[in-house]
Amino acid sequence: MISIAVVLWIVVPALASTYLIYLANSAKVVEERQVWASPERSDSVVREQLGLSLTWSPPPAIVAPAWDGVVQAVYVKVGDVISSGSSLTKIQGVDRIAYGSREPFTRPLEVGMEGADVAELNSLLESRGLRHASAARFTWETRIGVREFAKSIGAGESVAVFDPSWLVYLPRSVTVNELALVVGAPAPAAGQHLVEPKAEVSSAAVVDVETAKGLLQSEEGTTIAVVPVPEGAEVELAGEPLTLDDKRTAIASASLKTVQSHVSNEAKATIIDTIAKSPTNLWVLPSTSVYVDSQGTTCVTVKRDSRVSGLRVDIRGVQQTSTSVAADFEDGDLFALDPRGIATTCS
């Protein structure tokens with residue numbers, strides 16, 4: 001029994017060792033395969049900030065035509081917006097209407113008369129849904145419209161002649177800052193200011209952010225140097241788009257009302273956003289593909305026409321597992337998802 005145990009004690013380990021050697025010699029080493037991928041352009045946008053240097057100017061005052069009588073009612077107050085068609089006041093029982101004609105009405109108009117002011121009168125009647133002619137001639141249709149208009153403002157039931165004192169010339173819509181109409185007072189004389197409008201943004205030049213902040217803090221001696229908005233970039237203020245002038249150094253006049261609606265009265269400056277698409281050389285790569293070579297340069301490993309080399313990249317942003325880089329990839333380039341083992345220098 002002792003001899004059998006001894007034999008087993010010697011033979012079994014030898015057999016096990018021999019089997020392990022066989023397995024080791026017969027095992028095949030699986031070579032790790034590199035995975036290559038095509039780079040993807042970034043479709044994000046780049047948001048930056050610029051400033052606006054604001055200039056404020058008062059619009060022309062609204063003046064009285066030739067009136068007689070006493071002010072019986074006033075229909076506007078400080079802070080109201082006066083636009084074409086707004087009723088301003090009642091004098092001699094007639095409501096006087098602000099109207100945005102090209103020029104002030106200066107003469108009474110009746111059947112048979114012609115001219116630019118007659119064309120304006122027909123436009124006025126049309127805007128109020130009244131009978132009118134379609135040309136610069138005072139026709140019987142115009143007369144019917146004038147009679148309807150006169151009745152609507154309290155000027156009489158059977159009026160045949162248009163009276164220019166019914167209207168107050170309004171160059172453009174304004175906000176009331178001061179008002180010279182007082183109930184019970186004599187009607188203002190011809191040419192007297194009825195309404196002093198609030199100042200409005202008359203220009204908005206593009207400046208850098210620091211200049212705008214200096215203006216907002218009323219820093220004396222702030223140097224104002226306009227800067228152009230980069231080509232392709234759009235501008236916004238509080239989420240609303242603004243239109244630039246042809247030189248891209250100022251806000252176009254059509255957008256000045258939008259600027260004014262988002263700033264305090266007579267503020268010297270404000271901050272705007274610029275929004276641009278990512279540059280064409282901006283790419284999004286998996287973070288595992290980006291490494292630093294022995295010279296401290298940030299790289300990716302690229303296969304270009306079957307040749308493997310390092311390509312320098314500049315990191316622009318990191319988000320979780322992806323990295324935004326600026327790089328000069330070419331059409332057909334592939335990059336290594338995991339460059340360990342094949343990483344090359346790009347310095």
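No experiment lies behind these values; they were computed from the predicted model shown.
R248 places a side-chain N or O within donor-acceptor distance of the main-chain N or O of V229, the cut-off being under 3.5 Å. A donor-acceptor pair is defined here as one N or O able to donate and one able to accept, closer than 3.5 Å; such a pair exists between the side chain of T89 and the backbone of A73. For R304 (side chain) and S309 (main-chain N/O), no donor-acceptor pair under 3.5 Å exists by modelled atom type. The backbone N or O of G100 sits less than 3.5 Å from a side-chain atom of S84, completing a donor-acceptor pair. E120 places a side-chain N or O within 3.5 Å of a backbone atom of R102 that can act as its donor or acceptor partner. Between the side chain of Q260 and the backbone N or O of V201 there is at least one donor-acceptor pair closer than 3.5 Å. Not one N or O on the side chain of T175 forms a donor-acceptor pair closer than 3.5 Å with the backbone of K198. Checked by atom type and distance alone, the side chain of Q72 pairs as donor or acceptor with a backbone atom of Q92 at under 3.5 Å. When atom types are taken as modelled, the side chain of S202 and the backbone of T55 share a donor-acceptor pair closer than 3.5 angstrom.
Looking only at atom types and distance, the side chain of T142 has a donor-acceptor partner in the side chain of N122 under 3.5 Å away. The closest side-chain donor-acceptor pair between T323 and S287 falls under 3.5 angstrom. No hydrogens or angles considered: nothing links the side chains of Y75 and S86 as a donor-acceptor pair under 3.5 Å.
Other residues, nucleotides and ligands place more than 12 heavy atoms under 6.0 Å from the CD atom of E266. When the shell of 6.0 Å around CG of D328 is examined, it contains 12 or fewer heavy atoms from other residues, nucleotides or ligands. Around CZ of R107, the count of heavy atoms belonging to other residues, nucleotides or ligands within 6.0 Å exceeds 12.
One distance of note links CG of L334 with NZ of K303; it measures 6.5 Å at 0.5 Å rounding. In this structure, CD1 on I82 lies 8.5 Å from CG on L194, to the nearest 0.5 angstrom. Going from atom NZ of K77 over to atom CG of L181 covers 14.5 Å, rounded to the nearest 0.5 Å. The CG atom of L130 lies 11.5 Å from the NZ atom of K151; values are rounded to the nearest 0.5 Å. Residue W166 holds its CH2 atom at 14.5 Å from OH of Y99, rounded to the nearest 0.5 Å. Atom CD1 in I153 sits 8.5 Å away from atom CG in D163 (nearest 0.5 Å).
In plain terms, the two heavy atoms of E141 and A133 that are nearest each other are CB-N, 4.3 Å. In this structure, S173 and E200 approach most closely via the heavy-atom pair O-OE2, 3.8 Å. Considering every non-hydrogen atom in both A250 and V206, the closest pair reads N-CG2, 3.8 Å. Nearest heavy atoms, T243 versus S255: N-OG, 2.9 Å. Closest approach of L52 and A212 over heavy atoms only: N-CB, 4.4 Å. Minimum heavy-atom separation, A187 to W67: CB-CB, 3.9 Å.
Aromatic ring orientation, W283 versus F329: perpendicular (interplanar angle above 60°, classes split at 30° and 60°).
Residues V76 and V78 fall within the same hydrophobic cluster, defined by Ile, Leu, Val, Met, Phe, Trp and Tyr side chains chained together at heavy-atom separations under 4.5 Å. V74 and I91 fall within the same hydrophobic cluster, where Ile, Leu, Val, Met, Phe, Trp and Tyr residues are linked whenever their side-chain heavy atoms come under 4.5 Å apart, directly or through other members. Residues I272 and I275 do not share a hydrophobic cluster, defined by chaining ILVMFWY side chains whose heavy atoms lie under 4.5 Å apart. Under the 4.5 Å side-chain heavy-atom criterion for ILVMFWY residues, a single connected hydrophobic cluster contains both I315 and L337. No chain of hydrophobic side-chain contacts below 4.5 Å, direct or via other Ile, Leu, Val, Met, Phe, Trp or Tyr residues, connects V259 to V207.
Within the structure, disulfide bond (SG atoms under 2.5 Å apart) contacts touching residues 294-347 (residues at least two apart or in different chains) are C299-C346.
By the 4.5 Å heavy-atom criterion applied to side chains, S101 and L124 are not counted as neighbours. Side chains of V182 and V71 form no contact here, defined as non-hydrogen atoms less than 4.5 Å apart. Counting heavy atoms from C-beta on, the side chains of T345 and T297 never come closer than 4.5 Å. Side-chain contact check for L244 versus I251: some heavy-atom pair is nearer than 4.5 Å. Contact of the P286 side chain with the F335 side chain is registered, since non-hydrogen atoms from C-beta on lie closer than 4.5 Å. Counting only heavy atoms from C-beta outward, the side chains of E48 and L50 never approach each other to under 4.5 Å. Under the 4.5 Å side-chain criterion, counting only non-hydrogen atoms from C-beta, L54 is not in contact with K268. The side-chain heavy atoms of L215 and I224, taken from C-beta on, include a pair separated by under 4.5 Å.
Checked options L121, I144, L125; the residue passing with F149 is L125 (criterion: side chain to side chain contact (heavy atoms under 4.5 Å, CB included)).
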**OP:** Check the pair N265, W56 against side-chain contact (heavy atoms from CB on, under 4.5 Å), reporting the backbone distance first and the verdict last.
**Re:** CA-CA 9 Å; N265 191 37; W56 296 74; 3.8 Å; yes
Original post:
Step by step, would you call R96 with S165 a side-chain contact (heavy atoms from CB on, under 4.5 Å)?
Top reply: CA-CA 8 Å; R96 312 296 170 147; S165 71; 3.2 Å; yes
Original post:
Can you list the steps and then say if R128 with I97 is a side-chain contact (heavy atoms from CB on, under 4.5 Å)?
Top reply: CA-CA 12 Å; R128 299 179 76 90; I97 310 298; 4.1 Å; yes
**OP:** I would like to know whether D338 and R340 meet salt bridge (Lys or Arg N to Asp or Glu O under 4.0 Å); could you show each step before the answer?
**Re:** CA-CA 6 Å; D338 184 359; R340 289 177 297 179; 2.6 Å; yes
**OP:** Evaluate the criterion side-chain contact (heavy atoms from CB on, under 4.5 Å) for residue pair T258 and H262; output intermediate values, then yes/no.
**Re:** CA-CA 7 Å; T258 302; H262 291 291; 4.2 Å; yes
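Ring-centre distance between F105 and F162: below the 6.0 Å cut-off.
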